[in-house]
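Structure first, commentary second.
These values consider heavy atoms only, across backbone and side chains, with no hydrogens, waters or symmetry-generated copies.
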Amino acid sequence: MEYNFKEIEKKWQKYWDDKKTFECKNEGKNPYYILVEFPYPSGAGLHVGHVRSYTAQDAIARMMRMQGHNVLYPMGWDAFGAPAEQYAIKNHIHPKDAVRENIKTFKTQMKTLGFSFDWSREFSTTDPDYYKWTQWQFLQFYKHGMAYKDTIPVNWCPQCKTVLSNEDAAGGVCERCGSSVVQKEKSQWMLKMSSYSEDLLTGLADTNFADKVKLAQINWIGKSTGVEVNVDIVGGGKFSIFTTCPETIYGITFFVIAPDGKLIKELMPRVENPDEINKYIEETKKKSAMDRTELNKGKTGVEVKGIKAINPVNGKEVPIFLGDFVLGDYGTGAVMAVPSHDQRDFEYAKEHNLEIIKVIDCGDITEHAIEKTEYMHHDYKMINSEEFNGMVVDEARERISDMLEEKGIGKRVNNYKMRDWIFSRQRFWGEPIPMINCPDCGWVPVPEEELPLLLPDVAEYEPTDNGESPLAKITDWVNCKCPKCGKDATRETDTMPNWAGSSWYFLRFMDAHNDKEFASMDAMKYWNKVNWYNGGMEHAARHLLYARFWVQFLYNIGLVPNKEMIDTRVSHGMVLGSNNEKMSKSKGNVINPDDIANEFGADTLRVYEMFMGDYQQDAPWSTDSLKGCKRFIDKVIRIKDKVTDSEEYTKSLESIQHKTIKKVQEDLKTMGYNTAVSALMILTNAYDDQETITKADYRLLLTLLNPIAPHVTEELNEQLGYKPICESTWPTYDESKTIETEKEIGVQVNGKLRATIKVNVDDSEDSLKEKALKEENVKKFTDGHEIVKVIAIKGRIVNIVVK
RNA sequence: GCCCUUGUGGCGGAAUUGGUAGACGCGACGGACUCAAAAUCCGUUGGUAGCAAUAUCGUGUCGGUUCGAGUCCGACCAGGGGCACCA
């Protein structure tokens, strides 16, 4: 058996390139858009995890093309962002050069593995032709009042003098130098994502995302319904609180406000203990970046002395406290505290010796509070709540909310955990934010016709001492004229986050070379949506939500045809090291796909990654199993020796052939890749059991295996004298031929298997019973017993119940 | 603490969605070919008992529903991941 997989693979890869086999046009019947998350081209090269999802989607793409779909399966590069910048700083090369090199490596690797990407639509988010439109879209956000500047606290490393992302500041420690991170106020561009909270929630109904993906987004958006209540302060002034438990309002014994909120600043002139308060505020600032669970054994806080608040429903005067468990940027930055029915309030009250009043008659609360999750399940009655006493909790909740609304002290509102999107990065390697600060006109957008606002070339791309982007040092770039009044002005030096370019790249693939618009409406209408989007679970809440927000905004200003541009979203499991741990250099368990492809061939690697386990679940690497897949391919090659010249199918193989067509095509569409491979192995084994098989038989196997192992199947197919599989059509099956007429079914006595009988699927239930009762081993268990009943299911099972 | 997810042979994993548990592959053992090795081929392979037919136990644990449960219901246990004082 002469078989040089390297030559074969190169040969067919060249064929596909030369013939532009996988390039698609924006026209024709049955468009279908398959997308995998475009990678970040890191210096490490392609990971075997990439190979898993690219192969999976590739298999679907190849099959669907043969089934007559116009398939778009594009690839590009998500190349802006901190890792490239860090890599560049470390290796003293320009990020642009590093990215170019990395892309080259990735692309070569992808080609070596035979993915059927449409390379004619390739782009990188770092291409000026692409980020021009990212900037243009930012300007649309700005022009529609969706982008604004705000001063917010950021993670700041005083040692490195730089702003850190939350990931780089994990545990309150700077990842690079190890010094502790503090919060620093910084003016940042923000996108009003929170105003889309409800739309992003309801929009999920128009998608076919996997349930766990939807759930991740729902949790991230974090909707809670409740009542916002106005609270008066004794001696003037007021604030409001948000509660999801209005039924407990009579149980308020104190209020807690956020140390980082606006309210305490307003109250400061009136407080009797300003030193104590200020000290606490300072402590909170230091703490907030750190892992709070460590520091929060108890509930800290100080009383705001000299100021009392009034419970709006009963006029009772209660104290106000400062507590760092109340967040300045969620809800109203103030909460009502009902220690009897909220465990956190309970602990706080114990810590500070505060009154606890029970308002729901629900049992003992001396040890801990009885919370909503507990009391709402019972028909508990209200107490200590004036006219609501005796009412069941469910009802009291509504009536109290009504009362608050009627009296104008409160209103029902929804709150969301999701915040506005911090869109600024004090980094060099990102899309420059196209805004100009004019001393007279304020913020003025760069005129659209001047886009792209190019990222200038610099000698040094390390962050500046004061945490500004390195762009701030390039004075001849920073200094410019105001587009509005022509006076001297300065450019924004912050750049966009990595998430910007990836929020709309799937739209660009629909019309990648358009230089008039980011993508034409016609092109987007033709493809309609991304039909099938595969990516990691880690992006379910971040990238995927940003992308949906971006699209919904574009939809609202009439620039995309659908409010949701992604239909089905699925996620793949990770490929773990052979020790069942995440692959990492430090653990020494990294498998390089190049090495595998070199030693065993791309087809073997592809088959193995499809066969290794449930696609949606993590699976450990096993080189032994990989070798098994190599043996499978070798066997497919070997049985070519059995092929006769006949163009007829072998009659005795008809049933298994039709079953395999059905199984493979269904499994590929439902991500059952491992069982698809298994079915192909079974078919191969069946062929191997024959003395001879026909050309037609063999070609069928090659066609079915082609989406997963495209090179070797094309080669063998060519040797048979057929035209390439990639230019052929997918076989069809006849449902009636997938059903076996003869079948072995089990016979149970009292639910225990005692025999199997050969039956015809059409045999009547009575004949099954008759046959079953004749079995020797069945008789052993029925003789001498009374047969109570016999359950017989056609083609399935017989169960005899005896006493 | 909350949310998600997974528990099936020595291993990766199948199981028509309530109907013969362990498909397919790996590994292991025995055999054939070979001077030998590799490759390939044949056979065995969940535990226990038995030469065998067969019996019995068996899908994380305990209970339930059912003629019948890996699958449905209830309570728990363990591993993996995420969020984390969200009022």
Side-chain angles (χ1 to χ4, degrees), chain A residues 1 211-213 215-216 218-220 222-224 226 228 241-245 248 255-256 258 291-293 295-296 299-300 323-327 329-338 342-345 347-348 372-373 415-419 537-538 540-541 573-574 576 578 580-582 607-608 611-614 616-629 631-632 634-635 638 663 672 674-682 684-685 688 743-757 776-777 780 788-793 795-802:
Chain A
M1 176 210 338
D211 283 344
K212 63 175 175 180
V213 175
L215 257 164
I218 290 167
N219 290 339
W220 188 269
K223 179 179 183 171
S224 53
E228 200 171 297
I241 56 103
F242 172 71
T243 179
T244 57
C245 308
T248 64
F255 289 92
V256 187
D291 192 358
R292 287 185 170 186
T293 46
L295 296 154
N296 263 300
K299 293 277 175 262
T300 65
D324 63 10
F325 69 85
V326 178
L327 309 173
D329 59 351
Y330 178 78
T332 62
V335 300
M336 67 181 208
V338 183
D342 181 285
Q343 186 59 23
R344 199 185 43 202
D345 296 347
E347 283 163 26
Y348 198 90
K372 190 178 190 171
T373 45
N415 249 298
Y416 303 87
K417 282 187 207 173
M418 192 173 68
R419 318 290 160 88
M537 207 45 213
E538 70 275 18
M574 265 188 294
L576 303 172
S578 52
N580 242 308
E581 288 177 56
K582 212 168 161 170
V607 169
Y608 170 60
F611 186 60
M612 70 195 312
D614 181 346
Q616 300 189 72
Q617 225 61 56
D618 294 353
W621 181 268
S622 158
T623 302
D624 277 335
S625 282
L626 173 89
K627 287 176 187 164
C629 293
R631 282 206 276 267
F632 164 59
D634 288 346
K635 190 187 267 186
R638 200 170 346 102
K663 179 80 179 153
N674 54 341
T675 48
V677 173
S678 161
L680 289 164
M681 287 172 170
I682 293 169
T684 304
N685 290 342
D688 199 24
K743 216 179 165 184
E744 263 201 358
I745 66 164
V747 180
Q748 301 177 330
V749 178
N750 284 349
K752 286 196 177 185
L753 187 73
R754 297 303 176 190
T756 56
I757 50 173
E776 276 309 315
N777 205 46
K780 249 167 66 183
V788 183
K789 66 173 161 178
V790 181
I791 291 128
I793 317 254
R796 288 273 170 101
I797 202 153
V798 180
N799 189 10
I800 301 154
V801 187
V802 298

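Using the Watson-Crick or G-U wobble rule with both distances under 3.5 Å, B:rG7 pairs with B:rC77. Pairing for B:rU40 is with B:rA32, a Watson-Crick or G-U wobble pair whose two hydrogen-bonding atom distances lie under 3.5 Å. Of the nucleotides present, none pairs with B:rC51 by Watson-Crick or G-U wobble criteria with both distances under 3.5 Å.
What you find for A:Val213 and A:Ala540 is that their closest heavy atoms are CG1-CB, 4.1 Å. Counting all heavy atoms, side chain and backbone alike, A:Gly795 lies closest to A:Lys743 at O-NZ, 3.1 Å. Pairing each heavy atom of A:Leu680 with each of A:Thr684, the nearest pair is O-OG1, 2.7 Å.
Put simply, CE on A:Met574 is 17 Å from C1' on B:rG12, counting in whole angstrom units. Whole-Å rounding puts the A:Asp618 CG to B:rG79 C1' distance at 12 Å. As rounded to whole Å, 13 Å separates atom P of B:rG81 from atom CD of A:Glu538. The separation between A:Leu327 atom CG and B:rC83 atom C1' is 14 Å, rounded to whole Å.
Two rings, from A:Tyr348 and A:Phe325, have their centers less than 6.0 Å apart.
Comparing A:Asn750 and A:Asn219 along RNA chain B, the residue whose closest nucleotide (by nearest heavy atom) sits nearer the 5' end is A:Asn219. Positionally, the nearest nucleotide of RNA chain B for A:Met612 lies more toward the 5' end than for the other of A:Met612 and A:Lys780.
Side-chain contact, A:Lys635 with A:Asn685: a donor N or O sits under 3.5 Å from an acceptor N or O.
To the nearest 0.5 Å, the span separating CG on A:Asp618 from NZ on A:Lys582 amounts to 9.5 Å.
Listed nucleotides: B:rU56, B:rA87, B:rC4. Nearest to the side chain of A:Tyr330: B:rA87. Of all nucleotides listed (B:rU5, B:rC83, B:rU54), B:rC83 comes nearest to the side chain of A:Trp220. When distances run from any side-chain atom of A:Val801 to the nucleotides B:rC67, B:rA55, B:rC3, the shortest one goes to B:rC67.
Put simply, the side chain of A:Arg419 and the base of B:rC86 share a donor and an acceptor less than 3.5 Å apart.
For the C1' atoms, the distance linking B:rG19 with B:rC29 amounts to 35 Å, nearest Å. Rounded to whole Å, the separation between the P atoms of B:rU71 and B:rU59 comes to 9 Å. For the P atoms, the distance from B:rG18 to B:rG74 is 16 Å, rounded to whole Å. The same atom, P, is picked in B:rG22 and in B:rG10; the two are 16 Å apart, to the nearest Å. Using atom P as the reference point in both B:rG64 and B:rA69, the two lie 12 Å apart (nearest Å). Distance check on atom C1': B:rG81 versus B:rG68 gives 37 Å, rounded to whole Å. B:rU16 and B:rA49 have their C1' atoms separated by 34 Å, with the value rounded to a whole Å. If you take atom C1' in B:rA53 and the same atom in B:rU61, they sit 36 Å apart, rounded to whole Å.
A:Ile745 places a side-chain heavy atom less than 4.5 Å from the side chain of A:Ile757. For the pair A:Val747/A:Leu753, no side-chain contact is recorded, criterion being any heavy-atom separation below 4.5 Å from C-beta on. Side-chain contact between A:Lys372 and A:Thr244 is present, with at least one heavy-atom pair separated by less than 4.5 Å.
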The contact string for nucleotides 19-27 of chain B, one letter per nucleotide 5' to 3', using protein heavy atoms under 4.0 Å with B, S and - for base, sugar-phosphate only and none, comes out as BB--BBSSS
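With its glycosidic angle within 90° of 0, B:rU17 is assigned syn. With a glycosidic angle more than 90° from 0, B:rG58 adopts the anti conformation.
Phosphate contact (OP1/OP2 of B:rC11, side-chain N/O of A:Asn580, threshold under 4.0 Å): absent. An OP1 or OP2 oxygen of B:rA39 is reached within less than 4.0 angstrom by no side-chain nitrogen or oxygen of A:Arg638. Between A:Lys752 and B:rC57, a side-chain N or O to OP1/OP2 separation shorter than 4.0 Å is present. Dashed line: the shortest gap from a side-chain N or O of A:Arg344 to OP1 or OP2 of B:rC86 is under 4.0 Å.
Within 4.0 Å of A:Asp614, counting heavy atoms only, lie sugar-phosphate atoms of the nucleic acid but no base atom. Here A:Asp342 lies out of heavy-atom contact (under 4.0 Å) with every strand.
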